[in-house]
Each structure stands twice: as structure tokens, then as C-alpha cells.
Q: 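Below is a structure I'd like to ask you about.
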Amino acid sequence: MFMLTRDDFIKARSYIYNKGTDIDRAWFRYNFEDASETEFLRVLSRHQHKNGGFGGLYHEFAYQGPCLKSTEIAIQYIFGLKHRPSADLPIIRNTIKYLLDTYLAGRGSWGEVVVPEVNESAHCYWSRWRGEDISPIENEDERIQKYDANEKACFAAFISYYSEIVPTELCEEILKYPVQHILRYYDKNSSEYNVALFDKDCPYPFEYLTAFVAWLKDKDLVKKLSDILCQNPTAFMELDFERSDIDYVHLPCDWAVKSPNSILYPTVKDLVDKSLDYRLKQQSADGKWPLGWSFGNDADMQKLQLKYETYMTLEMLVKLKNFGRIEV
């Protein structure tokens with residue numbers, strides 16, 4: 001088992017402090033320099049707009065205004081805190097308000113996670129505004145079948161996490177769709193099991209659902225859904241680790257298994273440990289973890305890639321800490 005040496009950790013720290021944003025530095029201080037949750041939330045709150053949505057936290061586009069995508073990143077930070085922030089905090093209440101205001105009850109989910117303004121400045125083509133269909137889906141079974149967990153399941157998880165400040169019936173309604181989607185379409189023992197959902201090129205719904213399940217409060221339901229998702233845990237994992245040197249792929253240690261607390265980890269422990277070894281070797285001499293692929297040659301796109309690689313370097317450090325892979 002490989003470890004990140006102290007010298008390589010210092011290189012990564014220097015890279016983050018020199019290249020990172022205010023939120024990168026605050027997240028580093030919280031995870032590695034004993035900054036308090038209050039201090040981190042103070043910095044995070046600077047990115048929250050009047051409508052409760054967050055901006056400037058996602059680096060695949062330059063747009064700084066509020067949108068669901070940046071709000072998802074804010075939620076991921078909150079989930080990463082050691083203790084749950086009080087539901088009475090303005091940052092929490094305003095986030096919940098934004099999620100409820102943008103929820104599309106007629107579709108059982110949320111709409112596009114970006115806004116049209118994203119297209120007006122530098123952005124990755126896969127993160128652009130494509131338009132959206134917000135017309136209601138009248139049939140509940142159809143809403144369950146068409147549930148798009150990509151990003152949306154994160155919002156549902158946050159609703160569950162702070163269910164005490166969400167109207168009970170609305171909370172149950174929001175959680176019903178991802179729960180039923182798993183029960184019906186991911187379970188090999190279900191008559192509605194859909195093997196097409198396991199297309200290797202579409203890993204995100206599965207990964208978001210595994211994270212969603214972890215934040216549910218009903219432990220019996222968590223066990224039931226976890227058992228289902230563990231039926232085919234490597235479906236979206238790239239097991240040829242060398243591909244990650246030159247291509248965008250998800251190794252076992254990447255998105256679905258960010259810590260030993262992942263519901264998938266006990267099932268794929270050996271693969272996760274081996275892929276962590278491989279990721280450790282990919283650190284550059286300057287301390288960062290490169291993407292292995294390019295946003296493009298345009299100067300503005302290069303600026304975005306620099307921000308994104310800094311963010312991903314910090315995420316890698318936190319992950320290595322979670323798995324006890326940093327020398328002290």
C-alpha cells in the first residue's frame with residue numbers, strides 16, 4: 001500500500017494555496033489545519049446569493065451567478081463536514097429554500113442544473129445550457145422510470161438530511177422518486193430491472209444514487225437499497241487503470257467511493273485500494289493531480305482547467321486522508 005509522503009503533501013498544499021480559490025484554501029484549512037466548521041461555513045456563505053443558490057464553486061464554466069450545479073458543490077462541502085451544521089443557520093435554511101423553490105413537483109425532480117447565462121462566457125461544452133423540458137409528467141410511474149439521478153439525487157439527499165425543516169409530505173414526495181427508481185430498476189430481482197441503466201458511459205446516476213442512499217435516515221431502507229446497489233458495483237468503474245493517464249474515466253477510488261464509509265467500499269475494497277495506489281503515482285512534480293485530458297487550448301479554458309485541477313487536487317488530498325494514506 002502506497003502512502004503520500006510528507007514532502008509530496010507539502011507540494012500539493014503549496015499548489016493549492018498558490019493556485020486555488022478562497023473556498024479551496026478554506027477547505028484545506030478545515031481538513032488539514034484545524035480550522036473550525038464555523039470558519040469554513042463563513043467562507044462558503046460568501047458564495048450564496050439572495051435566492052439561496054450558490055455561484056462560483058464549479059470550474060467547468062466561468063459563470064459566477066447562482067445555479068443548481070454550484071449549489072450541488074456547496075452541498076457536497078456541507079456533507080463533508082465532520083458534524084452536521086444546525087438547521088437554524090441561514091446558510092442551511094436558504095439552501096433548502098432554493099431547492100424547494102426550484103423543485104419541479106410535476107416531474108418529481110429538478111430541472112437543468114445550469115442556466116442560460118453559462119453559455120455567455122467560457123464553459124466546457126458538456127456543461128452548457130441545452131434548454132429544458134419542464135412540462136409535467138402526469139403519470140407517477142413514468143416519473144419514477146424517468147428519474148434522472150445525475151446531480152438531482154444530491155438535492156434529494158440534502159432534503160433528507162434536513163427533513164425537519166421541510167414539510168413532511170413534500171419531503172416524502174421528493175424522496176419517493178429516487179428510492180422507487182432504485183427498487184424497481186436497479187434490483188436484479190425486480191421484474192422491472194433495467195440492464196440498460198448500466199451503460200458504462202453513463203456512470204453518474206449510479207454514483208449519485210450511492211451517495212444519496214448514505215444520507216437517508218431510515219437505516220432499514222439504507223440497508224435494502226445498499227444491497228441492491230452492491231449487486232453490480234463495478235459496472236461503471238474503469239478497471240484498466242492506465243486509461244486514466246490519458247482519458248476521462250472513473251477508477252474504483254474516484255467518484256463512487258470517496259471514503260471507507262461508502263456503501264460500496266466493503267464490496268470493492270481491493271479494487272479501491274489498488275486504484276488509490278495508481279492515483280498516488282499520478283501526482284505531478286509541482287504537486288497537482290493532472291486531469292490527463294484537456295479543456296482546450298483557449299486561454300480562458302486553460303484558466304478553468306487550472307481551477308478545476310486545483311479543486312481536484314484538494315479532493316484527492318481529502319480522499320487520501322479519509323483512507324489513511326498520508327504520512328504524518
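Sequence positions, counted from 1, serve as the residue numbers for this chain.
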Q: Does E72 reach the side chain of Y208, with side-chain heavy atoms less than 4.5 Å apart?
A: yes

Q: In a check of ring-ring contact (aromatic ring centres under 6.0 Å, His included) between W126 and each of W293, Y248, Y204, which one passes?
A: W293

Q: Using only heavy-atom distances, determine whether the side chains of D133 and S135 contain a donor-acceptor pair under 3.5 Å.
A: yes

Q: If Ile, Leu, Val, Met, Phe, Trp and Tyr residues are connected whenever their side-chain heavy atoms lie under 4.5 Å apart, and connections chain through other members, are L100 and L104 in the same group?
A: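 Result: no, two separate clusters.
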
Q: With a 4.5 Å cut-off on side-chain heavy-atom distances among I, L, V, M, F, W and Y, is there a chain of contacts connecting F206 to V195?
A: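 Yes; V195 is reachable from F206 via cluster members.
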
Q: Who passes side chain to side chain donor-acceptor pair (under 3.5 Å) against E238, sequence neighbours left out?
A: R243

Q: Can you confirm whether K307 is buried at NZ, in the sense that more than 12 heavy atoms of other residues, nucleotides or ligands lie under 6.0 Å from that atom?
A: no

Q: Do Y125 and Y63 share a hydrophobic cluster, counting only Ile, Leu, Val, Met, Phe, Trp and Tyr and linking them when any side-chain heavy atoms are less than 4.5 Å apart?
A: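 Yes, one cluster joins them.
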
Q: Quick check: is F295 connected to Y15 through a chain of hydrophobic side chains (ILVMFWY, heavy atoms under 4.5 Å apart)?
A: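 No, it is not one cluster - the side chains of Y15 and F295 are not joined through contacts under 4.5 Å.
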
Q: If I take atom CD1 from residue I91 and atom CD1 from residue I96, how far apart are they, to the nearest 0.5 angstrom?
A: 12.0 Å

Q: Any pair with a residue in residues 83-103 that passes ring-ring contact (aromatic ring centres under 6.0 Å, His included), sequence neighbours left out, goes on the list, sorted by first then second residue, please.
A: Y103-W110

Q: Is F32 close to K321 at the side-chain level, that is, under 4.5 Å between some pair of heavy atoms?
A: yes

Q: Is V318 reachable from M3 through a run of I, L, V, M, F, W or Y residues, each pair having side-chain heavy atoms under 4.5 Å apart?
A: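 Looking at the clustering, V318 is in a separate group from M3.
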
Q: Before you tell me yes or no, could you show the steps for Y147 and K152 under side-chain contact (heavy atoms from CB on, under 4.5 Å), namely the whole-Å CA-CA distance, both residues' side-chain angles and the distance that decides it to 0.1 Å?
A: CA-CA 9 Å; Y147 186 79; K152 320 302 192 306; 4.0 Å; yes

Q: Which pairs, with at least one residue in residues 210-221 and sequence neighbours excluded, count as a side-chain hydrogen bond (donor to acceptor under 3.5 Å, both in side chains)?
A: S163-K217

Q: Taking C-beta and beyond as the side chain, do N31 and L314 meet within less than 4.5 Å on heavy atoms?
A: no

Q: Determine the interplanar angle of the Y17 and F28 rings, folded into 0 to 90°, and report it as parallel if under 30°, tilted if 30 to 60°, perpendicular if over 60°.
A: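 Y17 vs F28 ring planes: perpendicular.
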
Q: Tell me the salt bridge (Lys or Arg N to Asp or Glu O under 4.0 Å) pairs involving residues 117-129, sequence neighbours left out?
A: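 Salt bridge (Lys or Arg N to Asp or Glu O under 4.0 Å) check on residues 117-129 returns no pairs.
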
Q: Which label fits W27 and F40: parallel for a plane angle under 30°, tilted from 30 to 60°, or perpendicular past 60°?
A: tilted

Q: Report yes if some heavy atom in the side chain of T310 is under 4.5 Å from a heavy atom in the side chain of H59; otherwise report no.
A: no

Q: Determine whether D277 and R325 make a side-chain contact, defined as any pair of heavy atoms from C-beta on separated by less than 4.5 Å.
A: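 The answer is yes; the side chains approach within 4.5 Å.
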
Q: Would you mind writing out the side-chain donor-acceptor pairs for residues 230-237 within the sub-3.5 Å range, not counting sequence neighbours?
A:
| from | atom 1 | to | atom 2 | distance (Å) |
| --- | --- | --- | --- | --- |
| Q231 | OE1 | K188 | N | 2.9 |
| Q231 | NE2 | D187 | OD1 | 2.9 |

Q: According to side chain to side chain donor-acceptor pair (under 3.5 Å), who are the partners of K176, at least two apart in sequence or on a separate chain?
A: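 K176 satisfies side chain to side chain donor-acceptor pair (under 3.5 Å) with E140, E173 only.
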
Q: Yes or no on side-chain contact (heavy atoms from CB on, under 4.5 Å) for L99 and I174, after CA distance, side-chain angles and deciding distance?
A: CA-CA 11 Å; L99 293 180; I174 290 171; over 6 Å; no

Q: Can you see which heavy atom on V213 is nearest to which on V222, and at what distance?
A: O-CG2, 3.5 Å

Q: Which Ile, Leu, Val, Met, Phe, Trp or Tyr residues join F241 in one cluster when any pair of side-chain heavy atoms under 4.5 Å counts as a link?
A: V249, L251, Y278

Q: For G108 versus R143, what's the shortest heavy-atom pair and its separation?
A: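 Heavy atoms of G108 and R143 come nearest at N-CD, 3.9 Å.
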
Q: Could you go through the side-chain contact (heavy atoms from CB on, under 4.5 Å) check for M301 and L304 one step at a time?
A: CA-CA 5 Å; M301 295 304 295; L304 288 181; 4.1 Å; yes

Q: Between D273 and Y265, is there a side-chain donor-acceptor contact under 3.5 Å, judged purely by atom types and distance?
A: yes

Q: Below 4.5 Å, heavy atoms only, C-beta onward: do C67 and V113 meet side chain to side chain?
A: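 No, their side chains stay 4.5 Å or more apart.
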
Q: Could you state the interatomic distance from OG (S284) to NZ (K11), rounded to the nearest 0.5 Å?
A: 10.0 Å

Q: Measure across Y185 and Q145 and return the closest heavy-atom pair with its distance rounded to 0.1 Å.
A: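 Distance-wise, the nearest heavy atoms are OH-CB, 3.3 Å.
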
Q: May I have all residue pairs that pass salt bridge (Lys or Arg N to Asp or Glu O under 4.0 Å) and include part of residues 284-306, sequence neighbours excluded?
A: K288-E309

Q: Can you tell me which residue pairs pass the salt bridge (Lys or Arg N to Asp or Glu O under 4.0 Å) test with a partner in residues 20-36, sequence neighbours excluded?
A: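 Passing the test, one end in residues 20-36: R13-E33.
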
Q: Test of understanding: with side chain to side chain contact (heavy atoms under 4.5 Å, CB included), list the residues that count as partners of M316, not counting sequence neighbours.
A: R279, W289, L320

Q: State which residues pass side chain to side chain donor-acceptor pair (under 3.5 Å) with T95; sequence neighbours excluded, sorted by chain then number.
A: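 In terms of side chain to side chain donor-acceptor pair (under 3.5 Å), with neighbours along the sequence ignored, T95 is linked to Q48.
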
Q: Checking side-chain contact (heavy atoms from CB on, under 4.5 Å) for the pair F212/V179: CA distance, chi angles, key distance, verdict?
A: CA-CA 9 Å; F212 161 77; V179 168; 4.0 Å; yes

Q: Is the closest side-chain heavy-atom distance between K224 and L183 below 4.5 Å?
A: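 In contact.
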
Q: Using residues 164-172 as the side-chain source, report each donor-acceptor pair under 3.5 Å to any protein atom, sequence neighbours left out, with the distance given to one decimal.
A:
| from | atom 1 | to | atom 2 | distance (Å) |
| --- | --- | --- | --- | --- |
| E164 | OE1 | R84 | NH1 | 3.4 |
| E164 | OE2 | R84 | NH1 | 3.1 |
| E164 | OE2 | R84 | NH2 | 2.6 |

Q: Is the shortest distance from a Lys or Arg side-chain nitrogen in K82 or E37 to a carboxylate oxygen in the other one below 4.0 Å?
A: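 No, K82 and E37 are not salt-bridged.
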
Q: Would you say that L81 contacts Y30 through its side chain, given a criterion of any heavy-atom pair below 4.5 Å between the two side chains?
A: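 L81 vs Y30: side chains touch.
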
